[in-house]
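What follows is one structure encoded as structure tokens, with my remarks underneath.
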Amino acid sequence: MSQNGTAGGTQRRKRTAGYYDYNLLLCLILLMSFGLIMLYSASAYEAYTSSNITDNMYFFKHQLRNSVVAFVWVLILSKMSYHFMAKFAGFLYVLAFVLMALVKSPLGIEEFGARRWLKIGPIQFQPSEIAKIAVIMFVPLVILQMGRKYKIVKAQGFVFLLGLIQALGAWILTENLSTGIIIMLITVTIMIVASPKQKKRVLAAIGILFCAGVGVLIYLKTHLSILEEMVEDEVGGYQLNRVYEWLAGGSYQVHQGLYAIGAGGFFGKGLGNSTQKLGTIPEAQNDMIFSIICEELGVFGALLLLLMFGYLLYRLFVIAQNARDLYGTLVVSGVFGHIALQVILNILVVLGMMPATGITLPFISYGGTSLLFLMTELGVALSVANSIRLEESEVRLGSASADRTA
């Protein structure tokens, strides 16, 4: 069979179509739903037995409300231009540091032995969380403004300094060393993506710092009495005490978390059947919630959760690879680095492989402001995805009909 086109025959042209990453959105919904279920299971007993609450759904209701608000916020941000958001990146960078400094003022709140919260009216939050977003939005902007000058060592040193300022602010002003480390690693991630040719130099510097840190820990482990004396003299605050507990064999909370993981086996005791959450692990719904997941759902449930995190990170990788410009790539790479680092560090703490840090498990642990800031980052990532344009082939038929002959 042959087909002959007339004067106004078949024409082909390409058109662009908008892209929206519904896969990332669906993965986010699954993670949040999983988190709400496990949060209720982990917190019901503590909420019911608390003298100030006596409502076993207290933490669940608050997290559900925060999740709904945060999800709507994500949808709004995803429809906004990330280039428009970039106009406020410099202001956000300065604001984050100012808010961290205000923690030292009467507006600062101390909880769990650390002064890192800021209370303005009815709102209480950790300003160091804003510093993460500020670095993710502002550092790529500075790199782009430098252009080819970014290849110079001094320029890269200046970018590194921008991250270091926020990291030191988180550590010194809000007594949050773990967040400071995350901010620096986010900065390094963005720097490596911006200049892959310079990654050897950056990775070498990280390797040297890592080896130096390991050397210090080995020395302290073999001379634990020195660290013990420093803790007794209250040198270094609660952070040094956590390092001492870890080197001495782990804290009570970590030990109980490991018991929970071991008791879960491969398929777990069943949803809601954890015994370690019954007052044995304090604040189980916070940074130790992964141990409750392992106890109730076993290794299978833990692997399922890690697969969801893995797919979320994969979608962020796809967005970064296909972003319309370098700024979008760098911003999404920063979001990728933040979520990946936070998941890894939280699990390492639960497994007793590093000192307790207070880092929460993204989208799973209890905390409204932490969830809101994480969702803000994903909203920006979805905005970058929404700007991607896909080429589609469109077949256009002319006004005259085609003659067909057998």
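By convention here, the first residue in the shown sequence is residue 1.
Sparse packing is recorded around NZ of Lys149, with 12 or fewer heavy atoms of other residues, nucleotides or ligands lying under 6.0 Å away. Taking a 6.0 Å sphere around CZ of Phe34, one finds it holds more than 12 heavy atoms contributed by other residues, nucleotides or ligands. Residue-environment remark: CE (Met57) exceeds the threshold of 12 foreign heavy atoms within 6.0 Å. Counting non-hydrogen atoms of other residues, nucleotides and ligands closer than 6.0 Å to CZ of Phe91 gives a total of 12 or fewer. Sparse packing is recorded around CZ of Phe158, with 12 or fewer heavy atoms of other residues, nucleotides or ligands lying under 6.0 Å away. Atom CD1 of Ile120 sits in a crowded spot, with more than 12 heavy atoms from other residues, nucleotides or ligands closer than 6.0 Å.
The two atoms that bring Gly334 and Ile186 nearest to each other are O-CG2, 4.1 Å, heavy atoms only. The two residues Ala284 and Ile292 make their nearest non-hydrogen contact at CB-CG1, 4.0 Å. Shown here for Ala381 and Leu316, the closest heavy-atom pair between the two residues is CB-CD2, 3.7 Å. Residues Leu39 and Gln285 approach most closely at CD1-CB, 3.5 Å, considering heavy atoms. Gly328 approaches Ala323 most closely through the heavy-atom pair C-CB, 3.9 Å. The shortest heavy-atom contact between Ala167 and Ile183 is N-CG2, 4.0 Å.
Inter-residue side-chain proximity for Val193 and Thr329 is flagged as met; some heavy-atom pair is nearer than 4.5 Å. In this structure the side chain of Met32 reaches within 4.5 angstrom of the side chain of Leu28, judged on heavy atoms. Counting heavy atoms from C-beta on, the side chains of Val159 and Val139 come closer than 4.5 Å. Annotation: side chain of Val69 is not in contact with side chain of Trp73 (no heavy-atom distance under 4.5 Å). Between Leu162 and Thr187 there is no side-chain heavy-atom pair separated by less than 4.5 Å. Looking at heavy atoms from C-beta onward, Ser78 lies out of side-chain contact with Ile76 at the 4.5 angstrom threshold. The shortest distance between side-chain heavy atoms of Tyr20 and Leu382 falls below 4.5 Å. Put simply, the side chain of Ile190 reaches to within 4.5 Å of the side chain of Ile143, judged on heavy atoms.
Atom CG in Leu374 sits 5.5 Å away from atom CD in Gln342 (nearest 0.5 Å). Distance check, rounded to the nearest 0.5 Å: CG of Leu378 to CZ of Phe363 gives 4.5 Å. For the atom pair CE of Met288 and SG of Cys294, the computed distance is 10.0 Å after rounding to the nearest 0.5 Å. Distance CG/Leu168 to CG/Leu164: 4.0 Å, rounded to 0.5 Å. Taking CG of Asn23 as the reference point, atom CD1 of Ile319 lies at 9.5 Å (rounded to 0.5 Å). Interatomic distance, Ile281 CD1 to Leu258 CG, rounded to the nearest 0.5 Å: 9.0 Å.
Taking the six-membered ring for Trp and thresholds of 30 and 60 degrees, Phe84 and Phe88 have ring planes more than 60 degrees apart, a perpendicular arrangement. Taking the six-membered ring where the residue is Trp, Phe125 and Phe373 present perpendicular rings, their angle passing 60° and hence far from 30°.
A distance-only check finds no donor-acceptor pair linking the side chain of Tyr48 to the backbone of Ser43 [under 3.5 Å]. Of the possible polar contacts, one joining the Gln166 side chain to the Tyr93 backbone as a donor-acceptor pair under 3.5 Å is found. Side chain of Thr179 to backbone of Ala170: no donor-acceptor contact under 3.5 angstrom is found. A donor-acceptor contact shorter than 3.5 Å is absent between the side chain of Thr360 and the backbone of Pro362. At least one donor-acceptor pair under 3.5 Å links the side chain of Asn346 to the backbone N or O of Ile359. At least one donor-acceptor pair closer than 3.5 Å links the side chain of Gln276 to the backbone N or O of Gln256. A donor-acceptor contact shorter than 3.5 Å is absent between the side chain of Gln63 and the backbone of Leu371. Between the side chain of Ser387 and the backbone N or O of Val384 there is at least one donor-acceptor pair closer than 3.5 Å. For Tyr150 (side chain) and Ala194 (main-chain N/O), no donor-acceptor pair under 3.5 Å exists by modelled atom type. Formation of a donor-acceptor pair under 3.5 Å by the Ser383 side chain with backbone atoms of Tyr82 is found in this model.
Screening Leu118, Val94, Thr174 for a side-chain contact (heavy atoms from CB on, under 4.5 Å) with Leu99, the sole residue that qualifies is Leu118.
Legend: residues meeting salt bridge (charged side-chain N to carboxylate O under 4.0 Å, His left out) with Lys119, ordered by chain and number and at least two apart, are absent.
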Item to check | Full working for side-chain contact (heavy atoms from CB on, under 4.5 Å) between Ser370 and Leu372 | outcome: CA-CA 5 Å; Ser370 174; Leu372 180 62; over 6 Å; no
May I have the step-by-step check of side-chain contact (heavy atoms from CB on, under 4.5 Å) for Val380 and Val332, ending in yes or no?
-> CA-CA 8 Å; Val380 175; Val332 178; over 6 Å; no
Evaluate salt bridge (Lys or Arg N to Asp or Glu O under 4.0 Å) for Lys269 paired with Glu295, printing each intermediate quantity in order.
-> CA-CA 6 Å; Lys269 295 180 177 180; Glu295 185 180 7; 3.0 Å; yes
Inset, instruction - Starting from the C-alpha separation in whole Å, work towards a yes-or-no answer on side-chain contact (heavy atoms from CB on, under 4.5 Å) for Tyr45 and Asn56. - result: CA-CA 6 Å; Tyr45 176 82; Asn56 64 347; over 6 Å; no
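Remark: Glu296 engages Lys277 in a salt bridge, criterion side-chain N to carboxylate O under 4.0 Å.
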